[in-house]
Engineer: 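Sharing a structure here in structure tokens format.
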Amino acid sequence: MKILLIGAGGREHALAWKISQSKAVRKLYIAPGNAGTAQAGTNVAIETGDFAALGKFVSANAVDMVVVGLENPLVNGIVDYFGEHPELRRIPVIGPSKAGAQLEGSKDFAKKFMMRHRIPTAAYRTFRAEEEADAQTFIRSLQPPYVLKADGLAAGKGVLIVSSLEEAFRELHEMFSGKFGTAGNKVVVEEFLSGVELSVFALTDGKDYLILPEAKDYKRIGEGDTGPNTGGMGAVSPVPFADKTFMDKVESGIIRPTVEGLSKDGIPYKGFIFFGLINVGGEPAVIEYNVRLGDPETEVVLPRIETDIVELFQAVADGNIGGKSIRIRQQTAATVMLVSGGYPEAYEKGKIITGLDETGDDCLIFHAGTALKDGRTVTAGGRVIAVGALAESMEAALAVSKRNAGIIRFDGKHYRRDIGFDLTQGHR
Ligand code: AMP
Ligand code: GLY
């Protein structure tokens, strides 16, 4: 079969790598892809938001299945676009409907959904600009730190955690004044939960689901989890504290009620659900939903999956995921993200990357922000390359990742050397 994968990051390179291993796949296209995806398939220069051009490409090239890597096209209704198009409606698209993508596209929608289906999450209220005074009163009733979330998609920047009332009021006002554009027309104010976070993923056909390996990502730029938030500086899977007792609670209290809730609400959903969870004294709660896999979590989740992922996608399309099982490797996967100097603030692109051909066969390299220019691989984003490994222990996987992270070179390269630091024995 022929598959079109949509996206251009490390997650999509990992997906392309995994999809290209499937016996069922004859041709893989990636739109728009990066220098790494070009090694696993054929890049196609179409932007991820251009549904008409993507649809035309699918028809013209007899593509059999579309896999959507990132949230924006899902929130903007790519699944509905294909479903309503006479020539495209029979092509399965892996990803939720526009209604389902609201789990990520609207924090207020996600909170209401969790309340309705009794899924544990932080207490909250949602306010509009004209309710600023009420929002202030609610914030006063909470303990610091204060959590403010722009309702809509804000490129991962819409969540603010501030320690003083003064700052909270100022940020609230700025959000209502358009700091995050229309995403801040509504603001969710919620209780701060204290605990360790992890990412859990399910693949659902809207009725049943399979649980994928869990992962922990490291969002801060600096070692010891310091400095500003990034898209993610590294990840590991499995997560030691996510033992059977904990994961049973996650499944019965969060995953199952979420899938059942979607079905009860009449929301079509055939794709991934990303549960951003926090462990509060052994009890899991939802911090956020995403409607796609995580990045860089995918770079450690997929190497642990032994099962042919296209077989699972086909089962999702057929509504038969309940009849499938998933084989998971017991080893540990880790990845370290090489980022551009200056990231997550301003950084330069176009730096030549060398050393890629000197890395060992024992590492897994996924390109996040790279491009091909005059036959050379150059940096094209803040997050540039995820350098990972699969090994018998987290320490062993990280040793391979870090050794190879040192071999790859580009001007301004930065990476964290302490990924997994809080998961080693004796830390807590
Ligand atoms: P989100 O974009 O919803 O993932 O939020 C970004 C980050 O903010 C999360 O990964 C958490 O670290 C933090 N966060 C969000 N909501 C809360 C909360 N209610 N309590 C504590 N931390 C939170
Ligand atoms: N690593 C977090 C995310 O993909 O949203």
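Order of listing sets the numbers, starting from 1, for every ligand and every atom in it. When a residue number appears, it is its place in the shown sequence, counting from 1. Fair warning: this is a prediction, and the values are worked out from it, not measured in the lab.
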Engineer: Does K216 qualify as a cation-pi partner of Y218, given the criterion of NZ or CZ under 6.0 Å from the six-membered ring centre and within 45 degrees of its axis?
Structural biologist: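 Output yes; distance and angle both within limits.
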
Engineer: Got the closest protein heavy atom to atom 17 (C) of ligand 1, with its distance?
Structural biologist: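 The answer is I287 CD1, 3.5 Å.
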
Engineer: Going by heavy atoms in the side chains, are R383 and D295 under 4.5 Å from each other?
Structural biologist: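 Result yes, sub-4.5 Å side-chain heavy-atom pair found.
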
Engineer: Just let me know how I161 lines up against ligand 1, side chain, backbone, both or neither, with a heavy-atom cut-off below 4.0 Å.
Structural biologist: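 It is the side chain that touches ligand 1; the backbone stays farther off.
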
Engineer: Pairs of nitrogen or oxygen atoms closer than 3.5 Å, one from L193 and one from ligand 1: do any exist?
Structural biologist: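 Yes, there is a polar N/O contact under 3.5 Å.
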
Engineer: Answer yes if the side chains of E297 and S199 hold a donor-acceptor pair under 3.5 Å, and no otherwise.
Structural biologist: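 The answer is yes; a qualifying pair exists.
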
Engineer: Quick one: look up the protein heavy atom nearest atom 2 (C) of ligand 2 and list residue, atom name and how far away it is.
Structural biologist: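 Of every protein heavy atom, D217 OD2, 3.5 Å lies nearest to atom 2 (C) of ligand 2.
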
Engineer: Look at atom 9 (C) of ligand 1 and say which protein heavy atom is nearest, naming residue and atom and giving the distance to 0.1 Å.
Structural biologist: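 The answer is E197 OE1, 3.4 Å.
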
Engineer: Salt bridge or not between E104 and R292? Use side-chain N to carboxylate O under 4.0 Å.
Structural biologist: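 A salt bridge links E104 with R292.
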
Engineer: With only distance considered, is E297 within less than 3.5 Å of ligand 2 through an N or O on each side?
Structural biologist: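 So ligand 2 has an N or O lying under 3.5 Å from an N or O of E297.
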
Engineer: Around atom 5 (O) of ligand 2, find the nearest protein heavy atom and jot down its residue, atom name and distance.
Structural biologist: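 Minimum-distance protein heavy atom for atom 5 (O) of ligand 2 reads R292 NH2, 3.1 Å.
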
Engineer: State whether a side-chain donor-acceptor pair under 3.5 Å links S97 with D80.
Structural biologist: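 Not at all, the side chains of S97 and D80 share no donor-acceptor pair under 3.5 Å.
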
Engineer: If we only consider heavy atoms of G231, is any one of them less than 4.0 Å away from an atom in ligand 2?
Structural biologist: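 Checking ligand 2 against G231, which is what was asked, there is a heavy-atom contact under 4.0 Å.
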
Engineer: I'd like to check which ligand 2 atoms, numbered from 1 as shown, lie under 4.0 Å from a non-hydrogen atom of N290.
Structural biologist: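 Matching atoms, with element in brackets: 5 (O).
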
Engineer: Applying a heavy-atom cut-off of 4.0 Å, say which part of K216 lies close to ligand 2: side chain, backbone, both or neither.
Structural biologist: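 It is neither part, as no heavy atom is under 4.0 Å.
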
Engineer: If we only count heavy atoms from C-beta on, is the M115 to T121 side-chain gap below 4.5 Å?
Structural biologist: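 Side-chain contact under 4.5 Å: yes.
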
Engineer: Is K179 salt-bridged to E171, cutoff N-O under 4.0 Å?
Structural biologist: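 Salt bridge between K179 and E171, a charged N being under 4.0 Å from a carboxylate O: yes.
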
Engineer: State whether the side chain of D205 and the backbone N or O of K207 hold a donor-acceptor pair below 3.5 Å, judged by distance alone.
Structural biologist: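 Yes: the side chain of D205 pairs with the backbone of K207.
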
Engineer: Show me which atoms of ligand 1 lie under 4.0 Å from any heavy atom of E190.
Structural biologist: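 Those of ligand 1 that fall under 4.0 Å from E190 are 16 (N), 17 (C), 18 (C), 19 (N).
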
Engineer: Is the gap between the ring centers of F275 and Y289 under 6.0 Å?
Structural biologist: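 Between Y289 and F275, which both carry aromatic rings, the centre distance is below 6.0 Å.
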
Engineer: Which residue holds the protein heavy atom closest to atom 1 (P) of ligand 1, what is that atom called, and what is the gap in Å?
Structural biologist: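 Among all protein heavy atoms, the one nearest atom 1 (P) of ligand 1 is E288 OE1, 3.3 Å.
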
Engineer: Taking the six-membered ring of F138, is NZ or CZ of R125 closer than 6.0 Å to its centre and within 45° of its axis?
Structural biologist: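 That pair qualifies as a cation-pi contact.
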
Engineer: Once you restrict to heavy atoms under 4.0 Å, what part of K149 touches ligand 1? Side chain, backbone, both or neither.
Structural biologist: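 Side chain only.
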
Engineer: Can we call the ring centroids of H173 and F169 under 6.0 Å apart?
Structural biologist: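 No, the ring of H173 stays outside the 6.0 Å limit from the ring of F169, centre to centre.
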
Engineer: Any chance the rings of F51 and Y81 have centres within less than 6.0 Å?
Structural biologist: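 Yes - the distance between ring centres of F51 and Y81 falls below the 6.0 Å cut-off.
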
Engineer: Look at atom 3 (O) of ligand 1 and say which protein heavy atom is nearest, naming residue and atom and giving the distance to 0.1 Å.
Structural biologist: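 Result: K107 NZ, 3.2 Å.
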
Engineer: Less than 3.5 Å between some nitrogen or oxygen of D295 and one of ligand 2, yes or no?
Structural biologist: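 Yes, at least one N or O pair falls under 3.5 Å.
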
Engineer: Give the residue, atom name and distance (to 0.1 Å) of the protein heavy atom nearest atom 5 (O) of ligand 1.
Structural biologist: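 Ranked first by proximity to atom 5 (O) of ligand 1 is V159 CG2, 3.4 Å.
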
Engineer: Just jot down the ligand 2 atoms closer than 4.0 angstrom to any heavy atom of F274, in number order.
Structural biologist: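 Per the distance check, 3 (C), 4 (O), 5 (O).
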
Engineer: Which of the atoms in ligand 2, numbered in the order shown and given with their element, are less than 4.0 Å from a heavy-atom of G294?
Structural biologist: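 That gives atoms 4 (O) of ligand 2.
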
Engineer: What atoms of ligand 1 come closer than 4.0 angstrom to any heavy atom of K219?
Structural biologist: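 Counting from 1, the qualifying ligand atoms are 10 (O).
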
